Amino acid sequence: MKNVQIPHELLLDIARYILMVDNGQEPMPELRNKVIDGILMKLEKIEQHENYSKYKSATTEKDKEEYKNKYFDSIGIPEEYRW
């Protein structure tokens, strides 16, 4: 299992959210949205990193091109600026 770093503020928001739910309180919608947005952003970054790693370690040119394009798509580089 790999370790993943998250921003300090996101960790605190997740902890607040979980503690509120455990205590039977309804979390504020803003807090819920912040937690969801933060987790989704982190998942996107993990996917970007995985695609970049697969691109760099691919053994065939076909695989290399596929993961390079997935990586560029995920970070928003238009096709006309790709090499």
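These numbers come from a predicted model, not from an experiment.
The side-chain heavy atoms of Leu12 and His8, taken from C-beta on, include a pair separated by under 4.5 Å.
Residue Tyr17 is grouped with residue Ile6 when hydrophobic side chains (ILVMFWY) are merged at heavy-atom distances under 4.5 angstrom, including chains of intermediate members. Under a hydrophobic-cluster definition in which Ile, Leu, Val, Met, Phe, Trp and Tyr are linked whenever side-chain heavy atoms come within less than 4.5 Å, directly or via other members, Leu43 and Tyr67 are assigned to different clusters.
Residue-environment remark: CD (Glu79) stays at or below the threshold of 12 foreign heavy atoms within 6.0 Å.
Note that the CD1 atom of Ile46 and the NZ atom of Lys2 stand 9.5 Å from one another [nearest 0.5 Å]. The NZ atom of Lys45 sits 8.5 Å away from atom OG of Ser74, with the distance rounded to the nearest 0.5 Å. Put simply, CD on Gln48 and OG on Ser53 are 11.5 Å apart, with the number rounded to the nearest 0.5 Å.
The shortest heavy-atom contact between Glu26 and Met20 is O-CE, 3.9 Å.
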Practice problem: Might you work through the side-chain contact (heavy atoms from CB on, under 4.5 Å) test for Asn51 and Glu47, ending with a clear yes or no? | Solution: CA-CA 6 Å; Asn51 285 329; Glu47 183 180 3; 3.8 Å; yes
Exercise. Show the numbers, then the answer: is there a side-chain contact (heavy atoms from CB on, under 4.5 Å) between Asp63 and Lys54?
Key: CA-CA 8 Å; Asp63 289 343; Lys54 288 176 182 177; over 6 Å; no
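With hydrogens and angles disregarded, no donor-acceptor distance shorter than 3.5 Å links the side chain of Lys68 to the backbone of Lys56.
A search for ring pair (Phe, Tyr, Trp, His ring centres under 6.0 Å) contacts involving Tyr71 returns Tyr52, not counting sequence neighbours.
Between Glu66 and Lys62, no side-chain nitrogen of the basic residue sits less than 4.0 Å from a carboxylate oxygen of the acidic one, so the salt-bridge criterion is not met.
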Pair up each side-chain donor or acceptor in residues 28-41 with any protein partner under 3.5 Å, not counting sequence neighbours, and list the distances.
residue	atom	partner	partner atom	Å
Asn33	ND2	Pro29	O	3.3
Lys34	NZ	Glu9	OE2	3.0
Lys34	NZ	Asp13	OD2	3.3

